[in-house]
Amino acid sequence: MNKSREQLLAILAITAVALMVGDKFILQPLTDTWKARTARIEDLQKKVTAGTKMLERDRVVRDKWNAMRSHSLTNDLSQAESQALRAFERWGREAGVNISGLKPRWKRVNDEYQTIECRADASGSLSSLARFLYQVEKDPLAMKVDVVDLTTRDGEGRNLTMALQLSGLMLTPKRNENLAK
């Protein structure tokens, strides 16, 4: 009986070790691989869904990009500078603001685009300066307000001076041709 009991214990021990080894070296790696594969499939499905949505919006995105590109400054530096200066004159006239000290400066960011930084002083009432900023922001021209600094020129605050910095975008022709395709 001792011998059969020892054989039974030996078989149980061998079975337990075999189950542990099987679990550690076969079942766990297979389970981990299966979970990783499932996660990868879910990730790929999300990417396919996002890509499909992007393809569906292709025309809208291209139209929006073409509209933005058409509102950027022209590709000639002097014409682009003139375009920005005329925009300042138009905004000032529409808002009833006096523009002075307008200083444009070009910055080449990379081969794809350049920006023009315009520093200017505008004077007028609070409402006219607010209208001026509104005109700048609603204009389709690719200009954005970077810095605004208001100071008063009288004791009551009726006559204000606004120092501001705007940036305008000029896309290079090479980049325009590549994106239009």
Original post:
Taking all atoms of both residues into account, what is the closest heavy-atom pair of Val97 and Ser123, and its distance?
Top reply: CG1-O, 3.5 Å
**OP:** Identify the heavy atoms of Ser128 and Gly96 that sit nearest to each other, and give their distance.
**Re:** CB-O, 4.0 Å
Original post:
Mind checking whether Leu133 and Val147 sit in one hydrophobic cluster, side chains of I, L, V, M, F, W, Y counted as touching below 4.5 Å?
Top reply: no
Original post:
Closest approach of Ala84 and Met143, non-hydrogen atoms and distance?
Top reply: CB-CE, 4.2 Å
Subject >> Distance-only polar pair, side chains of Asp76 and Ser78, donor-acceptor under 3.5 Å >> reply: yes
Original post:
Rounded to the nearest 0.5 Å, how far apart are CD of Gln83 and CD of Gln79?
Top reply: 8.5 Å
Original post:
Quick one: side-chain hydrogen bond (donor to acceptor under 3.5 Å, both in side chains) partners of Lys107, sequence neighbours excluded?
Top reply: Glu117
Original post:
Between Ser72 and Leu169, what is the shortest heavy-atom contact and its length?
Top reply: CB-O, 3.5 Å
Original post:
OG1/Thr161 to CG/Asn159 distance, rounded to the nearest 0.5 angstrom?
Top reply: 6.0 Å
Subject >> Side chain to side chain, Arg69 and Leu171, heavy atoms closer than 4.5 Å >> reply: yes
Original post:
Taking a hydrophobic cluster as the set of Ile, Leu, Val, Met, Phe, Trp and Tyr residues connected by side-chain heavy atoms closer than 4.5 Å, whether directly or through intermediates, do Val21 and Leu27 fall within one such cluster?
Top reply: no
Original post:
Who pairs with Asp23 by salt bridge (charged side-chain N to carboxylate O under 4.0 Å, His left out), at least two apart in sequence or on another chain?
Top reply: none
Original post:
Among pairs that include at least one residue of residues 36-52, which meet side chain to side chain donor-acceptor pair (under 3.5 Å), considering only residues two or more places apart or in two chains?
Top reply: none
**OP:** Only counting residues at least two apart or in another chain, list the ones meeting salt bridge (charged side-chain N to carboxylate O under 4.0 Å, His left out) with Asp121.
**Re:** none
Subject >> Closest approach of Gly124 to Leu129 (non-hydrogen atoms, all atoms of both residues) >> reply: O-CD1, 3.9 Å
Original post:
Tracing side-chain links under 4.5 Å among I, L, V, M, F, W and Y, which residues wind up in one group with Ile11?
Top reply: none
**OP:** Using salt bridge (charged side-chain N to carboxylate O under 4.0 Å, His left out) as the criterion, list what pairs up with Asp149, not counting sequence neighbours.
**Re:** none
**OP:** Taking side-chain hydrogen bond (donor to acceptor under 3.5 Å, both in side chains) as the test, write out the residues that go with Thr115, two or more places apart.
**Re:** none
Subject >> Heavy-atom check, side chain of Met54 versus side chain of Val61, under 4.5 Å >> reply: no
Subject >> Pairs involving residues 117-154, ordered by first then second residue, that meet ring-ring contact (aromatic ring centres under 6.0 Å, His included) (sequence neighbours left out) >> reply: none
Subject >> Candidate pair Leu85 and Leu102, rule side-chain contact (heavy atoms from CB on, under 4.5 Å), full reasoning >> reply: CA-CA 8 Å; Leu85 296 177; Leu102 188 57; 2.9 Å; yes
Subject >> Partners passing side-chain hydrogen bond (donor to acceptor under 3.5 Å, both in side chains) against Glu81 (at least two apart in sequence or in another chain) >> reply: Trp106
Original post:
Which pair of non-hydrogen atoms, one from Met170 and one from Ala80, has the smallest distance, and what is that distance?
Top reply: SD-CB, 4.2 Å
Subject >> Ile99 side chain reached by Trp91 side chain, heavy atoms, under 4.5 Å >> reply: no
Original post:
Which value, rounded to the nearest 0.5 Å, describes the distance between Leu126 atom CG and Met162 atom CE?
Top reply: 10.0 Å
Subject >> Straight-line distance of Ser167 OG to Gln114 CD, nearest 0.5 Å >> reply: 13.0 Å
Original post:
ring-ring contact (aromatic ring centres under 6.0 Å, His included): which pairs involve residues 9-48, sequence neighbours left out?
Top reply: none
Original post:
Should we say atom CZ of Arg90 is surrounded by more than 12 heavy atoms from elsewhere, each under 6.0 Å from it?
Top reply: yes
Original post:
Which value, rounded to the nearest 0.5 Å, describes the distance between Asn66 atom CG and Lys64 atom NZ?
Top reply: 13.0 Å
**OP:** Give a yes or no on this: more than 12 heavy atoms of other residues, nucleotides or ligands lie within 6.0 Å of atom CZ of Arg119.
**Re:** no
Subject >> Sub-4.5 Å side-chain heavy-atom contact between Leu73 and Ile116 >> reply: yes
Original post:
Distance-only, no hydrogens or angles: does the Gln135 side chain make a donor-acceptor pair with backbone N or O of Gly92 under 3.5 Å?
Top reply: no
Original post:
Taking only residues two or more places apart in sequence, or in another chain, which ones meet Asp58 in a side-chain hydrogen bond (donor to acceptor under 3.5 Å, both in side chains)?
Top reply: Arg62
Subject >> Result of checking Val136, Val148, Leu141 against Leu166 for side chain to side chain contact (heavy atoms under 4.5 Å, CB included) >> reply: Val136
**OP:** Report the residues that fulfil salt bridge (charged side-chain N to carboxylate O under 4.0 Å, His left out) with Arg86, sequence neighbours left out, ordered by chain and then residue number.
**Re:** none
